[in-house]
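Structure, as structure tokens:
Reminder, nothing fancy here: chain letters follow the sequence lines and each chain counts from 1.
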There are 2 protein chains.
Amino acid sequence: MKSDKPYRLTRQREVILEEVRKVYHHPTADEIYENVRKTLPHISLGTVYRNLDVLAEFGLIKKMEPDFPQMRFDGNTKEHYHITCLHCGMIEDAPIEPSGNSLKNLENALGNLTKHGIFGHKLEFIGLCSKCREKENGRIFKEKLNECIDTGGFK
Amino acid sequence: MKSDKPYRLTRQREVILEEVRKVYHHPTADEIYENVRKTLPHISLGTVYRNLDVLAEFGLIKKMEPDFPQMRFDGNTKEHYHITCLHCGMIEDAPIEPSGNSLKNLENALGNLTKHGIFGHKLEFIGLCSKCREKENGRIFKEKLNECIDTGGFK
DNA sequence: ATTGTTGCAAATATTTTGCATCAAT
DNA sequence: ATTGATGCAAAATATTTGCAACAAT
């Protein structure tokens with residue numbers, strides 16, 4: 001719970017929270033909308049979006065945003081990991097080799113645990129690029145760090 | 001190069017490829033569009049999108065798609081990794097603890113190498129869920145595996 | 001009574017597509 | 001000559017927002 005505004009309990013909010021908690025497959029907003037409509041046929045999609053934001057703000061659910069919102073393109077076709085700057089959004093190449101061993105082990109372990117066929121992974125580092133770091137002198141670092149911990153957005 | 005259709009060299013395609021290779025920060029389609037327009041003022045955004053697809057299809061550039069296209073929501077607010085099914089798109093929780101040690105070491109190493117402030121990572125496993133695996137009996141597994149290797153989409 | 005919330009519709013933003021014309025092979 | 005590529009505009013998709021009416025505190 002990190003927001004300072006009051007948490008006003010509405011029927012819509014209540015049902016939406018219930019629906020998100022009911023399913024275990026990370027539903028999209030319109031999946032939730034369709035389910036909630038069975039209970040509240042007149043609810044609007046805008047209300048669903050707004051409430052999902054509010055619920056996440058209060059830490060009751062987790063909002064999973066795509067790692068970056070738009071497609072991007074890369075002239076470097078070799079395999080590599082990326083570092084994303086939380087402040088300016090810039091994505092840079094990580095100057096380390098994709099670590100073949102330890103993460104391959106994790107993949108194998110997971111495959112055995114789950115009966116899934118695991119055959120790859122994506123690893124993205126999150127931080128502040130040097131420019132933003134200077135400019136912000138740690139301010140955003142701490143702010144964002146808290147946000148990330150609170151939402152469990154990544155580890 | 002994996003497409004069977006002919007690669008037709010047009011001026012637009014040439015300039016677009018040049019622009020993607022020129023910048024090192026993983027540009028978006030409209031960034032490329034704006035840059036290409038300095039050389040070809042009448043090019044359309046549709047042409048840019050279509051060519052970026054074609055260039056990626058021929059392995060000349062890499063297309064970076066967001067890990068999932070829409071926002072998703074999660075009733076489980078604990079930290080955890082995810083497994084994404086390439087076939088049906090379902091995202092499940094990975095039944096392993098976020099590995100604090102080895103990846104934290106990587107984070108530290110990267111921080112030192114780059115002067116970035118690294119304070120987190122996202123790790124996503126890619127595979128086929130058990131249902132899709134049965135249904136497809138390995139077919140898509142191999143297909144997609146090749147695709148992934150070719151595009152370097154993930155490692 | 002105050003102020004946040006709702007439903008609706010319109011706006012935004014990103015990407016895709018239909019189509020007639022044009023250009024590379 | 002054939003067939004893929006282009007420019008343009010319209011469509012499709014996902015999300016946000018303005019606003020008047022409404023409801024929780």
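- With distances taken from any side-chain atom of A:Q70 to the nucleotides C:dT6, D:dT6, C:dT15, the minimum falls on C:dT15.
- A single hydrophobic cluster is seen to contain both A:I83 and A:Y81, as judged by linkage of ILVMFWY side chains at heavy-atom distances under 4.5 Å, directly or through other members.
- Within 6.0 Å of OH on B:Y24 lie no more than 12 heavy atoms contributed by other residues, nucleotides or ligands.
- Ranking C:dG4, D:dT6, C:dT25 by closeness to the B:R13 side chain, first place goes to D:dT6.
- Going from atom OH of B:Y7 over to atom C1' of D:dG4 covers 13 Å, rounded to whole Å.
- Residues of residues 15-44 of chain A that place a heavy atom closer than 4.0 Å to DNA chain C, in numerical order, are A:H42, A:I43, A:S44.
- Base engagement by A:L45 is indicated by at least one non-hydrogen atom pair under 4.0 Å involving a base atom.
- Protein atom CZ of B:R72 is 11 Å distant from nucleotide atom P of D:dA14, rounded to whole Å.
- Distance from the side chain of A:M71 is smallest for C:dT15 among the nucleotides C:dT15, D:dA23, D:dA14.
- Atom CG of B:D53 is separated from atom P of D:dG4 by 16 Å (rounded to the nearest Å).
- Between A:E18 and A:V36 the shortest side-chain heavy-atom distance does not fall below 4.5 Å.
- By the 30° and 60° cut-offs, the orientation of the rings of A:H82 relative to B:H26 is perpendicular.
- Taking atom CE of residue B:M64 and atom C1' of nucleotide C:dT15, one finds them 17 Å apart after rounding to whole Å.
- In the interface, the side chain of B:R50 is not paired with the base of D:dT6 through any donor and acceptor atom under 3.5 Å apart.
- Nucleic acid contact for B:T10: sugar-phosphate only, since backbone atoms but no base atoms lie under 4.0 Å from a heavy atom of the residue.
- With the nearest nucleotide of DNA chain C identified for both B:R11 and A:R8, A:R8 has the one nearer the 5' end.
- Rounded to an integer number of Å, the gap from NZ of A:K63 to P of D:dA14 is 16 Å.
- Placement of A:V54 and A:L45 within a single hydrophobic cluster is found when ILVMFWY residues are connected by side-chain heavy-atom separations under 4.5 Å, directly or transitively.
- The backbone N or O of A:D67 lies less than 3.5 Å from a partner atom in the side chain of B:D67, making a donor-acceptor pair.
- Among the nucleotides C:dT25, C:dT14, D:dT25, the one closest to any side-chain atom of A:L9 is D:dT25.
- The side chain to side chain contact (heavy atoms under 4.5 Å, CB included) test with B:K122 singles out one residue from A:L123, A:I126, A:T84, and that residue is A:I126.
- Close to C:dG7, at under 4.0 Å from its OP1 or OP2, lies a side-chain N or O of A:Q12.
- Closest approach to the B:N51 side chain among D:dT6, C:dT6, D:dA14 is made by D:dT6 (side chain taken as heavy atoms from C-beta onward).
- The phosphate of C:dT15 has OP1 or OP2 within less than 4.0 Å of a side-chain N or O from B:Y49.
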